[in-house]
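Convention: sequence-line order gives letters A, B, ...; per-chain numbering from 1. This is a predicted model, so every value here is computed, not measured.
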Amino acid sequence: MRDAELSNALLAWYDTHGRTLPWRVGPADRAAGIRADPYRVWLSEIMLQQTTVAAVREYFRLFTERWPSVEALAAAEDGDVMAAWAGLGYYARARNLLKCARVVASDLGGVFPDTVDGLRRLPGIGPYTAGAIAAIAFDRPATVVDGNVERVMARLHAIKSPLPAAKSELTECAAALTPQTRPGDHAQAVMDLGATICTPRRPACGICPWRDPCAARAAGIADTLPRKLPKAAKPIRLGIAYVARRADGAWLLQRRPDKGLLGGMLGWPGSDWGEAPTPAPPLDAGWRDAGAEARHTFTHFHLRLRVEVAEVPADTPPGEGMFVAKESFRPADLPTVMRKVYDIASSALLSD
DNA sequence: AATCCGTGGTG
DNA sequence: TCACCAAGGAT
């Protein structure tokens with residue numbers, strides 16, 4: 001089957017079976033020539049980096065409700081955006097989201113670039129996201145390669161060499177398939193195929209629009225592709241978190257530095273995280289063990305945090321941190337590991 | 001080029 | 001319980 005036929009078959013499938021998503025334009029509007037809002041496409045694509053649709057849905061709804069335009073987002077307070085992003089992970093995305101919004105609002109008149117090269121220059125926008133926005137929002141014939149596309153291409157052509165080395169070959173396959181007509185729908189169609197039919201485990205080959213031309217299906221190896229190099233084992237790191245509650249109910253928190261793990265997010269003061277962490281209480285107090293440890297797994301290590309708690313007088317100075325008033329403190333504003341620490345600490349403090 | 005950076009679901 | 005995985009980018 002020629003590339004053009006493959007693309008046509010996929011588009012026909014997409015017109016019937018493509019997913020309805022909050023940041024997408026539906027088939028009826030699409031037929032009427034209505035295009036997606038570049039701001040919403042950009043926002044969704046940033047949120048979807050290494051993140052599932054299910055996890056993104058509610059965040060996308062909250063963000064677009066609170067900040068309906070790139071100008072509104074650009075005018076937001078850093079802390080508000082970081083708090084709104086809390087729980088979604090990869091917090092550099094949120095920092096770059098704000099940077100990008102401010103560049104677009106201030107330097108580009110609130111208008112997103114409509115080319116891959118223009119988009120690629122913006123913070124937080126790499127090869128995938130630039131192609132996705134160019135294709136989806138502006139119908140540019142960009143080649144879009146994400147994890148779904150890699151998997152679909154590896155199976156369609158039965159490419160057995162493992163990722164990440166196979167990336168360039170998979171990109172060439174995807175480029176050859178990209179049509180000049182409806183490239184935005186094509187890009188979304190390949191990703192939908194990967195998300196709903198050509199899934200990592202137990203692909204539904206029987207109902208796939210590409211079941212006949214698929215080389216991996218013919219060879220009976222679809223569910224073994226793409227091959228990937230084994231990943232390094234995750235080491236275990238230890239640490240201590242300190243949760244101080246002032247007599248008036250305020251909590252002692254710190255803003256983490258912009259660089260590195262959980263950069264820019266709120267967190268509890270604590271020790272370093274390693275094999276033998278050095279205790280580092282943020283202030284003198286009657287610290288006591290909360291009786292449970294917070295366990296959390298990051299991308300490249302497991303963490304076990306011992307939790308220590310203290311009740312401190314109303315006139316306690318905040319030291320390196322800041323006391324956040326009871327009324328303005330929301331556990332949901334914290335990254336997940338810090339929220340786990342809060343859950344343990346609060347039950348220990350309240351059970352006295 | 002290899003490493004760093006989150007999280008929640010899944011089998 | 002645990003390894004693997006999901007719409008990557010920055011350095």
Side-chain angles (χ1 to χ4, degrees), chain A residues 18-19 21-24 40-60 82 85-97 99-100 119-133 135-137 142-152 163-165 167-168 171 174 184 187-196 198-203 223-224 226-237 256-265 267 273 294-303 332 334-340:
Chain A
R19 290 175 294 178
L21 299 171
W23 45 87
R24 275 190 185 169
R40 294 166 64 88
V41 173
W42 163 72
L43 179 61
S44 68
E45 289 299 339
I46 300 298
M47 288 183 165
L48 287 163
Q49 289 167 2
Q50 298 293 99
T51 309
T52 59
V53 166
V56 164
R57 279 184 184 277
E58 184 64 5
Y59 284 86
F60 181 81
M82 299 311 289
W85 197 276
L88 198 54
Y90 285 132
Y91 298 100
R93 293 185 295 171
R95 302 195 301 274
N96 285 328
L97 186 82
K99 281 187 198 168
C100 182
L119 290 160
R120 184 66 185 76
R121 295 190 193 98
L122 294 167
I125 297 183
Y128 162 76
T129 306
I133 298 172
I136 297 169
T143 300
V144 178
V145 183
D146 73 334
N148 284 313
V149 179
E150 288 177 351
R151 184 170 59 256
V152 171
L163 285 165
K167 172 91 175 180
S168 61
T171 299
Q188 296 177 91
V190 184
M191 293 190 281
D192 276 21
L193 189 69
T196 64
C198 197
T199 49
R201 288 178 292 245
R202 301 173 59 85
D223 61 349
T224 72
R227 294 181 183 171
K228 295 183 180 179
L229 261 31
K231 293 169 185 172
K234 291 176 170 40
I236 298 174
R237 294 188 194 173
R256 298 174 63 86
D258 265 351
K259 302 282 183 185
L261 192 69
L262 309 180
M265 300 298 289
W273 297 347
R295 291 193 173 202
H296 191 73
T297 299
F298 292 98
T299 311
H300 51 293
F301 65 93
H302 300 289
L303 178 65
L334 303 176
T336 300
V337 65
M338 299 298 173
R339 189 176 46 70
K340 289 180 180 176

Enquirer: Nearest-Å distance, CZ (A:Phe301) to P (C:dC2)?
Expert: 17 Å
Enquirer: Take atom CZ of A:Arg120 and atom C1' of C:dA10, then tell me their distance rounded to the nearest Å.
Expert: 9 Å
Enquirer: Do A:Met338 and A:Arg256 come within less than 4.5 Å of each other through their side chains, counting heavy atoms only?
Expert: yes
Enquirer: Tell me whether the OP1 or OP2 atom of B:dG9 has a side-chain N or O from A:Thr52 closer than 4.0 Å.
Expert: no
Enquirer: Judged by atom type as modelled, is there a donor-acceptor pair below 3.5 Å linking the side chain of A:Arg227 to the main-chain atoms of A:Leu163?
Expert: no
Enquirer: Closest approach to the side chain of A:Asp146, judged atom by atom: which nucleotide of B:dC4, C:dA10, C:dG8 is it?
Expert: C:dG8
Enquirer: For the side chain of A:Lys231, starting at C-beta, report the closest nucleotide among C:dA10, C:dC5, C:dG8.
Expert: C:dC5
Enquirer: Of the nucleotides C:dG9, B:dC5, B:dG6, which one has an atom closest to the side chain of A:Gln49?
Expert: C:dG9
Enquirer: At under 4.0 Å, does any side-chain N or O of A:Lys234 touch on OP1 or OP2 of C:dC2?
Expert: no
Enquirer: Between B:dG6, B:dT10, B:dG8, which nucleotide gets closest to the side-chain atoms of A:Arg201?
Expert: B:dT10
Enquirer: Classify A:Leu262 by what it touches in the nucleic acid, base, sugar-phosphate, or nothing, heavy-atom distance under 4.0 Å.
Expert: sugar-phosphate
Enquirer: Nearest heavy atom decides the nucleotide; on that basis, is A:Trp23 or A:Pro123 closer to the 5' end of DNA chain C?
Expert: A:Trp23
Enquirer: Quick one: are A:Lys167 and A:Glu150 in side-chain contact, heavy atoms under 4.5 Å?
Expert: yes
Enquirer: So does A:Thr336 reach the base of B:dG6 with its side chain, donor to acceptor, closer than 3.5 Å?
Expert: no
Enquirer: Counting distance alone, no hydrogens or angles: does the base of B:dG6 have a donor or acceptor under 3.5 Å from a partner atom on the side chain of A:Thr297?
Expert: no
Enquirer: Check the distance between C:dG9's C1' and A:Leu97's CG and give it to me in whole angstrom.
Expert: 13 Å
Enquirer: Give A:Leu21 one of three labels, base, sugar-phosphate or nothing, depending on what nucleic acid heavy atoms sit under 4.0 Å from its own.
Expert: base
Enquirer: A:Ile133 CD1 to C:dG8 C1': how many Å, rounded?
Expert: 12 Å
Enquirer: With respect to the side chain of A:Arg339, which nucleotide from B:dG8, C:dC5, C:dG8 is positioned closest?
Expert: B:dG8
Enquirer: A:Asn96 CG to C:dA10 C1': how many Å, rounded?
Expert: 8 Å
Enquirer: NA contact type, A:Val53, heavy-atom cut-off 4.0 Å: base, sugar-phosphate, or nothing?
Expert: base
Enquirer: Pick base, sugar-phosphate or nothing for A:Arg19, based on heavy-atom distances below 4.0 Å to the nucleic acid.
Expert: base
Enquirer: So A:Gly194, base contact, sugar-phosphate only, or nothing? Heavy-atom distance under 4.0 Å.
Expert: nothing
Enquirer: A:Leu261 versus A:Trp273: any side-chain heavy-atom pair under 4.5 Å?
Expert: yes
Enquirer: Of the nucleotides B:dG6, C:dT11, C:dG8, which one has an atom closest to the side chain of A:Lys259?
Expert: C:dT11
Enquirer: Could you work out which one of C:dG8, C:dT11, B:dC5 sits closest to the side chain of A:Gln50?
Expert: C:dG8
Enquirer: Want to settle it: does A:Arg295 or A:Asp192 sit nearer the 5' end of DNA chain C, counting the closest nucleotide to each?
Expert: A:Arg295
Enquirer: Please report whether the ring centroid of A:Phe298 lies less than 6.0 Å from that of A:His296.
Expert: yes
Enquirer: In whole angstrom, give the distance that lies between atom CH2 of A:Trp42 and atom C1' of C:dG9.
Expert: 15 Å
Enquirer: Taking atom types as they are modelled, would you say the side chain of A:Tyr90 forms a donor-acceptor pair with the base of B:dG6 within the 3.5 Å cutoff?
Expert: yes
Enquirer: Without decimals, in angstroms, what is the distance between A:Leu261 CG and B:dC4 P?
Expert: 11 Å
Enquirer: With a 4.0 Å cut-off on heavy atoms, is A:Gly263 in touch with a base, just the backbone sugar-phosphate, or nothing at all?
Expert: nothing
Enquirer: Looking at every strand, decide which applies to A:Lys340 at a 4.0 Å heavy-atom threshold: base, sugar-phosphate, or nothing.
Expert: nothing
Enquirer: Between B:dG6 and A:His296, is there an OP1 or OP2 to side-chain N/O distance shorter than 4.0 Å?
Expert: no
Enquirer: Whole Å only: how far is the CZ atom of A:Arg95 from the P atom of B:dC4?
Expert: 16 Å
Enquirer: Is the backbone of A:Trp85 close enough, under 3.5 Å, to the side chain of A:Arg93 for a donor and an acceptor to pair up by distance?
Expert: no
Enquirer: Taking only the P atom of each, what is the distance from C:dG9 to B:dG8 in whole angstrom?
Expert: 22 Å
Enquirer: From the list B:dT7, C:dC5, C:dG8, which nucleotide is the closest neighbour of the side chain of A:Tyr91?
Expert: B:dT7
Enquirer: Just by distance, do the side chain of A:Asp192 and the backbone of A:Arg19 share a donor-acceptor pair under 3.5 Å?
Expert: yes
Enquirer: When you get a sec, tell me which of C:dG9, C:dT11, B:dG6 is the closest nucleotide to the side chain of A:Pro127?
Expert: C:dG9
